[in-house]
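Just the heavy atoms: all of them, side chains too, but no hydrogens, waters or symmetry mates, feed the values below. Quick note on labels: first sequence line is chain A, next is B, and so on, each numbered from 1.
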Amino acid sequence: MSHGTLSALVILFAAVFTNNVVLSNFLGLCSFLSVSRAVTSSIGLGMAVTFVMTTTAGLNWLVYHHVLVPLGLVYLRFAVFIIVIAAFVQFVEMALERLAPALYFALGIFLPLITVNCAVLGVALFMIIRQYSFLESVAYGLGGGVGFLVAITVLASLRWRIRKSKVPPALQGAGIAVIMSGIMALGFVGLSGLITIN
Amino acid sequence: MTSVLVAVGAVTAIGAVLAALLEMAGKLFADYGDVTVDVNAGSRTLTVEGGGHLLGTLREQGIFIPSACGGRGSCGACKLKVTEGGGPVLPTETPYLSATERADGVRISCQVKVRSDVAIWIPEEIFAIRSWKATLAAIRILRPGMVELRWELPAGERIRFKAGQYAQLKTARYGKVKEEVFRSYSISSSPRDERAVEFIIERVEGGICSTWVCDHLQVGDTAEISGPYGDFVLSDTDREMIMIAAASGMSPIKSILHALEEQGSTRKATFFFSARNMGELFHLDLMKRFEETLPGFAFVPTLTRPPEPDASWPGKTGRVPALIAEMIGDRVKDAEAYLCGGAGLIDGCTAALWAMGMPNERIFYDKFE
Ligand SMILES: Cc1cc2nc3c(=O)[nH]c(=O)nc-3n(C[C@H](O)[C@H](O)[C@H](O)COP(=O)(O)OP(=O)(O)OC[C@H]3O[C@@H](n4cnc5c(N)ncnc54)[C@H](O)[C@@H]3O)c2cc1C
Ligand code: FES
């Protein structure tokens with residue numbers, strides 16, 4: 001296996017387990033907490049995030065290296081990345097609604113939520129800071145998305161498990177969800193020796 | 001300086017390229033072409049342009065689904081059964097659908113998009129709903145801020161409705177109001193009078209339609225009217241009736257009284273009409289006539305703001321629930337109630353009727369909001 005593919009694979013696994021966007025970077029928390037009330041919608045959102053993160057990581061990498069760097073406009077990356085993400089999500093939503101209605105009803109309703117998901121922007125910014133190649137960026141996007149999918153599905157299942165438990169009134173709903181996410185994050189810290197990315 | 005220009009130019013260019021792509025995608029994806037709508041298992045087949053919402057698409061085809069909120073997804077009145085091609089139920093519909101309705105394929109038609117061929121099922125009565133260009137034949141001031149309008153249908157046309165139902169009036173643009181709106185009004189005239197509909201309309205401060213009606217409409221003007229809608233109708237039982245209304249809420253009750261009069265009904269009925277003071281009362285002569293022609297009928301106007309001591313008010317005072325307890329008493333349990341007016345009156349009186357032992361299924365109401 002070439003060195004490039006290997007490092008891409010390492011980055012992918014690291015993004016899922018040791019550098020999980022949600023549980024170690026604390027990005028994308030609003031949809032993480034609000035959608036995790038039901039397992040099925042969590043999986044839907046997780047898949048939609050995975051798709052958007054993977055594709056926009058690639059797109060943004062191309063825009064950054066072939067438009068922003070040559071023009072010396074690197075400082076505009078925040079604004080440009082957001083525009084690219086928003087337009088792409090809009091495009092995918094339209095295409096899905098028309099071409100794959102079944103998929104649209106399963107994932108499409110989550111797409112507008114994703115435009116404002118900071119984890120998607122976070123992935124684009126990290127890949128630049130860490131100077132990833134194109135392949136590594138796409139792998140990082142995919143890993144980030146799968147990491148989000150894993151985290152939100154686990155949290156949704158936990159919330160389902162405790163639905164009948166007696167939670168103190170002040171902690172019901174978001175309160176106990178935040179505490180559970182914290183404990184999950186601690187659990188993920190235990191994996192951090194496994195692989196490291198810089 | 002140039003760097004600023006390059007920056008602005010680059011961002012604009014990126015934005016423009018993306019916008020152009022989206023615009024093209026919109027053209028490419030949003031054109032659904034013609035699709036067919038199958039109504040009631042083949043009883044009618046419509047060919048319509050796809051991409052719109054079911055409610056509006058049907059309206060263009062002359063099928064008028066009731067819609068109190070005009071398609072904003074906030075009333076739940078526009079329900080109908082979609083047997084094929086409706087796609088899954090959307091989150092905007094769930095608040096208005098019960099579990100049985102969902103199992104039956106009932107949908108909120110202003111939210112469902114017509115993307116492919118669909119099959120729907122609608123009750124026969126809906127086909128009776130039509131729209132006309134009606135002419136204002138008479139306008140009468142019942143009291144300040146309350147008018148009665150008579151709209152005549154085009155020659156040869158008839159509207160068949162049940163006493164208690166409502167119609168929708170489409171306003172024209174006037175003055176500073178640049179939009180045309182649809183508003184619902186109960187029909188106050190007799191169902192026998194099929195050549196016209198009458199409305200009793202109250203002025204609402206700053207209201208688009210009621211201001212147009214009170215200040216701008218003149219005899220001879222025309223407007224679009226559709227109907228009949230609604231299931232607030234006279235039942236065909238023999239139970240004692242308790243009618244409750246305030247202000248323009250008298251309108252559907254008046255229609256029901258006309259219908260009882262024409263049936264030669266002897267049903268026992270008491271109409272409690274709530275007003276703040278004597279100045280808010282109207283149609284007193286007509287109510288007197290009903291008392292003469294309907295042996296079981298009594299009209300009980302009541303004033304909720306104590307009348308001046310020197311005013312000669314022979315009637316009742318106070319709120320309706322207390323009067324029901326006093327005048328109907330235990331008979332409430334076996335009676336039926338017809339309530340009409342604002343939310344305050346309806347909620348207060350239904351709560352009182354429950355407390356007196358009237359079951360839910362015998363309380364009929366139309367909330368004017
Ligand atoms: C089934 C049904 C039957 C109805 N029958 C009648 C009828 O027989 N006679 C009749 O006069 N009206 C009736 N209404 C109410 C009518 O449809 C309109 O809502 C009302 O005339 C106000 O419309 P507008 O365009 O003048 O005001 P809008 O421009 O819609 O409203 C202007 C403002 O007034 C407020 N507002 C709206 N309605 C009222 C109200 N009733 N009292 C106080 N504030 C209000 C609104 O919240 C808004 O802020 C009925 C409504 C329904 C749903
Ligand atoms: S018309 Fe009111 S919800 Fe559809």
Side-chain angles (χ1 to χ4, degrees), chain A residues 31 34-35 37-38 40-42 44-45 48 55-56 59-113 115 124, chain B residues 1-35 49-54 73 82 84-95 97 99 102 105 107-108 111-119:
Chain A
S31 48
S34 60
V35 177
R37 261 175 286 229
T40 43
S41 38
S42 296
L45 178 67
T55 42
T56 57
L59 271 181
N60 277 330
W61 192 92
L62 292 176
V63 169
Y64 183 82
H65 287 282
H66 294 292
V67 180
L68 298 186
V69 172
L71 290 177
L73 296 175
V74 173
Y75 61 92
L76 282 177
R77 62 187 180 279
F78 282 78
V80 171
F81 287 173
I82 292 178
I83 302 178
V84 169
I85 294 169
F88 180 72
V89 168
Q90 183 81 33
F91 176 83
V92 172
E93 196 183 347
M94 276 199 269
L96 270 191
E97 183 177 1
R98 185 62 203 268
L99 303 177
L103 202 58
Y104 173 75
F105 287 114
L107 304 186
I109 46 172
F110 299 110
L111 287 174
L113 271 180
T115 321
Chain B
M1 184 61 201
T2 40
S3 70
V4 173
L5 286 182
V6 171
V8 172
V11 173
T12 318
I14 293 174
V17 167
L18 292 172
L21 278 179
L22 283 183
E23 186 60 27
M24 268 158 54
K27 286 259 157 52
L28 187 66
F29 294 131
D31 177 15
Y32 285 82
D34 283 351
V35 299
E49 199 182 310
H53 291 283
L54 194 50
V82 179
E84 250 171 64
V89 177
L90 303 175
T92 42
E93 300 175 69
T94 41
L97 298 174
R102 289 179 73 163
R107 304 293 298 270
I108 302 298
Q111 302 297 306
V112 176
K113 257 196 183 179
V114 188
R115 292 191 180 79
S116 53
D117 294 355
V118 290

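Residues forming a salt bridge (Lys or Arg N to Asp or Glu O under 4.0 Å) with B:Arg115 (at least two apart in sequence, or on another chain): A:Glu97.
With a threshold of 4.5 angstrom between heavy atoms, B:Ser3 approaches chain A through N, CA, C or O but not through any side-chain atom. Using a 4.5 Å cut-off between heavy atoms, A:Val84 touches chain B through backbone and side chain atoms alike. With a threshold of 4.5 angstrom between heavy atoms, A:Tyr75 approaches chain B through side-chain atoms but not through N, CA, C or O. At a 4.5 Å heavy-atom cutoff, A:Ala79 makes no contact with chain B through either its backbone or its side chain. Both the backbone and the side chain of A:Ile83 come within contact range of chain B, with heavy atoms under 4.5 Å apart. Both the backbone and the side chain of B:Leu22 have a heavy atom closer than 4.5 Å to some heavy atom of chain A.
A:Met94 is not listed as a side-chain neighbour of B:Leu28, based on a closest heavy-atom distance of 4.5 Å or more. The closest side-chain heavy-atom distance from A:Leu73 to B:Val11 is not below 4.5 Å.
Within a 6.0 Å radius of CZ in A:Phe91, other residues, nucleotides and ligands contribute 12 heavy atoms or fewer.
Atom CD1 of B:Ile14 is separated from atom CG of A:Leu71 by 8.0 Å, given to the nearest 0.5 angstrom.
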